[in-house]
Amino acid sequence: MDQSLRRPKLLKDYAPPDYLIDEVELDFALDPNATRVSSKLKLRPNPKATNNRPPLILDGENLALESVTLDGKQLAAADYRLDDKSLTVPTVPDRPFVLETVTVCDPEANTALSGLYRSRATYCTQCEPEGFRRITYFLDRPDVLAVYTVRIEAPRQEAAVLLANGNPVAAGDLPGTGRHFAVWHDPHPKPSYLFALVGGNLACVPDSFATASGRDVKLNIYVEPGKEDRCGWAMESLKRAMRWDEQRFGREYDLDVFNIVAVSDFNMGAMENKGLNIFNDKLVLARPDTASDGDYGAIEGVIAHEYFHNWTGNRVTCRDWFQLCLKEGLTVFRDQEFTSDLRSGPVKRILDVRMLRTHQFPEDAGPLAHPVRPASYIEINNFYTATVYEKGAELCRMLQTLLGRDGFRKGLDLYFEWNDGSAATVEDFVGAMADASGRDLSQFMLWYNQSGTPELACSLDYDARAKTARLSVNQVLSPTPGQTKKEPMLIPLKLGLLGGNGDDLPLQLEGGTTLADGLVEVTDREQVFIFKDIPTAPTPSLLRDFSAPVRLTMTLDPDQIEFLMMHDKDPFNRWQAAQSYATNLLTAASRGGFDAGPVTGTEATRLAQALATTASEISLAAAYRAEFLKLPNESDIARELASNVDPDAVRTAYERLRATVGRKISGTLGEIYEDAAATGPFSPDAESAGKRALRSAALDLLVGSGEAEEIERALRHYREATNMTDAIAALSILSHLDRPARDEALADFYARWQDEPLVLDKWFAVQARATRPDSVETVHGLLSHPKFSLKNPNRLRALIGSFVHANPTGFNRADGAGYELLASSALQIDRFNPHMAARLLGAFESWRTLEPKRQALAKGALRQLASGELSTDSYEIVTKTLGAD
Ligand code: PHE
Ligand code: ZN
């Protein structure tokens, strides 16, 4: 192993490139094992370079070099140097020059799915972050922006469709050869990570879109022939996204065509390549019988996300990979706002906060914690994290909260105006926000540079004589790896004070300011806000709408929490109150030796009744009522416990509370179940989906009661399902049971869907997630199922990913068998797809929060891994997870 690969790269070492590339001409002769790439680069010394007459060093990996030509003259072997990472030309002209190379790569052998590879029979590419260097020698860094012209040639029989970025400019046959070609030109300068190429025999689903200024854009979705009937939802979602970005942010599309290609083998969700988005087919294909409401929602969101990148990421790109949140955080924020505008705002907020807490909070609290803008990385592929994406989005949201919607829009307009066509930094973004609003945002920058979830420790004191309420806020900024001392942050805190009838009291700060929007800004380590003219002791509702990605701690008694659960005008906090109430019971039960009291006693009964009341409130959206009925899950409880976690005790607490609720309010749940039954044909719209979600949430609690008739109900739900949403909901509820109903449903599902890969993934996933004592053995068995393959990322995620990330009792089984399963499969996967292996190994991130026995077993597994042969990707995750000792 070349140890230089494992040396961290540092943000502070950034230097501009020595050379720039203005234009690129590429010519591809596609072949399964020997694709020839002829490249012509128009280079020039970078006037901003700091080095004097430096050598030209181009990145390149896994390439067979056939020739190098400089200004038309072929170079002899002595004129350049070659190693397995680069091509160096020691002396090049001190003026613009042309460098041509011819290289050969092997798409079929590319199992890492980075660069040019084959998914089934389709040629496709994935270049972000550093895949372009596996296609041709290049300055493969995001601050080198060039205009690309791409010619692709292939046998027509093997690849009738030939696509690249930008607009099509020429195409035709090469007579007598059976071959044909296509030429694409992308007028927008772009970094190499946005390059894309596709070749294959794909079916095309066409449509069109007229932009606000009248540009007629051809839209195409390319899929495997036979799947054309599953593209309608993705296409509708794309058009909605295009319109929304015009209306909300004034951003229009800028090419004549927008192509989307769905492929079956893809490491991530999708990729925003300019004018040619490449998607994991899971995030394109949907039909009511094959895709659930969850899938429909994800497709709409990701289609929008990739489309929105056209401005936030492509037109304005990142200077270096440390700035990844500049495009990802901002684009996630934009797609969240899109979904929020199109569907229920409160429900979207609840789902996003759930996601943040489940994935980002543990990351921020564990050994892999890093700032939204990391200061160092070993392998950039490991930094496509919940912190960069989800917390990054929260930072944009806080800016919008602080500056107001209009202020934020002005800032964003300015950001585009100043940075269009170039590679920017977080400072450019926050600087534009500061300039547009006239605010000093230097304290806000800490959010990008300090890791860890801030805790806001709050307390409220009421002075009956003075009629004042005194809110004390302390920022607790615990140390994280590499950061021991932290500065107090600027935290927008939205709040309300509820009077006796549940209404919000007017908020007047001592000193005069009236808070119309309930927003205060916390800037100090310790701060006090005094509200005047408060007639009686109020109930505080803090961090409304989850106005900052922090952990709020405040002692409220059960009566106060129940009061918020019934009356809070802020829908997010109303939901939060129910969650907090339940979490208090669940943690009390899970702690130390298990204590059933809190999850079976009078408090639990009170919770059940409060849930029943809200869940029956028909003025509330069904999707919202469904969220209300979902108890905090195992990861919520474990996070709250924070140390000495026994996943079995946590699960028992969860199941007991679920049983209590299911039994105490079975009547109401039964009514909700009946009332929410669908009438017309399937429609994926938010309201219909909300009803299905409400129905499944009620069903889940009813089955939790353990009554035989409820299990019968679940089986009926499965048998009578006319869409995937209902089928998979019932299947997953049944999957945990040790009853014939489970086996019947699983067998039926397999028989029906064995030849539909995306649906079969659900069958693998549901079993991997099932809480059963033999889940490790089940997963072992499925690893050798004839339909299983480690090579397909979706299948891998469905089985191993679901098990390690979503089956806490199985993965953390007391005998360590879950850890062994992960370690041995990750080692295998690491040899051909390091990126996927490293992602799975992330499941060890919370090992230090476990009880001592499991900790020791997890540590043993990590140590064993660390002593083996690992890729750079896995090496970074394993060693950082193990930590210093
Ligand atoms: N840039 C993609 C997105 O978030 C994610 C991605 C990263 C895809 C790296 C592939 C490889 O939209
Ligand atoms: Zn993205």
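Read the numbers this way: they start at 1 and go in the same order the structure lists the ligands and their atoms. Heavy-atom basis, side chains included; hydrogens, waters and symmetry copies ignored. Along the sequence shown, residues are numbered consecutively beginning with 1.
Around NZ of Lys282, the count of heavy atoms belonging to other residues, nucleotides or ligands within 6.0 Å does not exceed 12. Within 6.0 Å of the NZ atom in Lys880, the count of heavy atoms belonging to other residues, nucleotides or ligands exceeds 12.
Among all non-hydrogen protein atoms, the one lying nearest atom 5 (C) of ligand 1 is Tyr389 OH, 3.3 Å. For atom 11 (C) of ligand 1, the nearest protein heavy atom (residue, atom name, distance) is Gln126 NE2, 3.2 Å. Ala270 O, 3.4 Å is the protein heavy atom nearest to atom 8 (C) of ligand 1.
At the Zn ion (ligand 2), the angle from NE2 in His309 to NE2 in His305 is 100° when rounded to 10°.
Nearest-residue assignment for atom 1 (N) of ligand 1 (options His835, Glu128, His309; heavy-atom criterion): Glu128.
Phe28 and Phe195 have parallel rings, their planes meeting at less than 30° on a 0 to 90° scale where 60° marks the start of perpendicular. In this structure, Phe383 and Tyr377 have tilted ring planes: the angle between them lies in the 30° to 60° band. In this structure, Phe249 and Phe408 have perpendicular ring planes: the angle between them is above 60°, well past the 30° mark. Aromatic ring orientation, His305 versus His309: perpendicular (interplanar angle above 60°, classes split at 30° and 60°). Using cut-offs of 30° and 60° on the angle between ring planes, the pair Phe338 and Phe308 is perpendicular.
Close contacts between ligand 1 and Glu272 involve ligand atoms 1 (N), 2 (C), 3 (C), 12 (O) [criterion: under 4.0 Å to a heavy atom]. Every atom of ligand 1 with a heavy atom of His305 under 4.0 Å away is listed here by number and element: 3 (C), 4 (O), 12 (O). Annotation for ligand 1: atoms under 4.0 Å from non-hydrogen atoms of Lys327 are 1 (N). Atoms of ligand 1 lying under 4.0 Å from at least one heavy atom of Glu306, given by number and element, are 3 (C), 12 (O). Here is the list of ligand 1 atoms found below 4.0 Å of a heavy atom in Glu328: 1 (N), 2 (C), 3 (C), 4 (O).
Backbone and side-chain nitrogen or oxygen atoms of Tyr384 are examined, and none is located within less than 3.5 angstrom of a nitrogen or oxygen of ligand 1.
Taking backbone and side chain together, Glu328 holds an N, O or S atom under 2.8 Å from the Zn ion (ligand 2).
Put simply, the side chain of Val24 does not reach to within 4.5 Å of the side chain of Val147, judged on heavy atoms.
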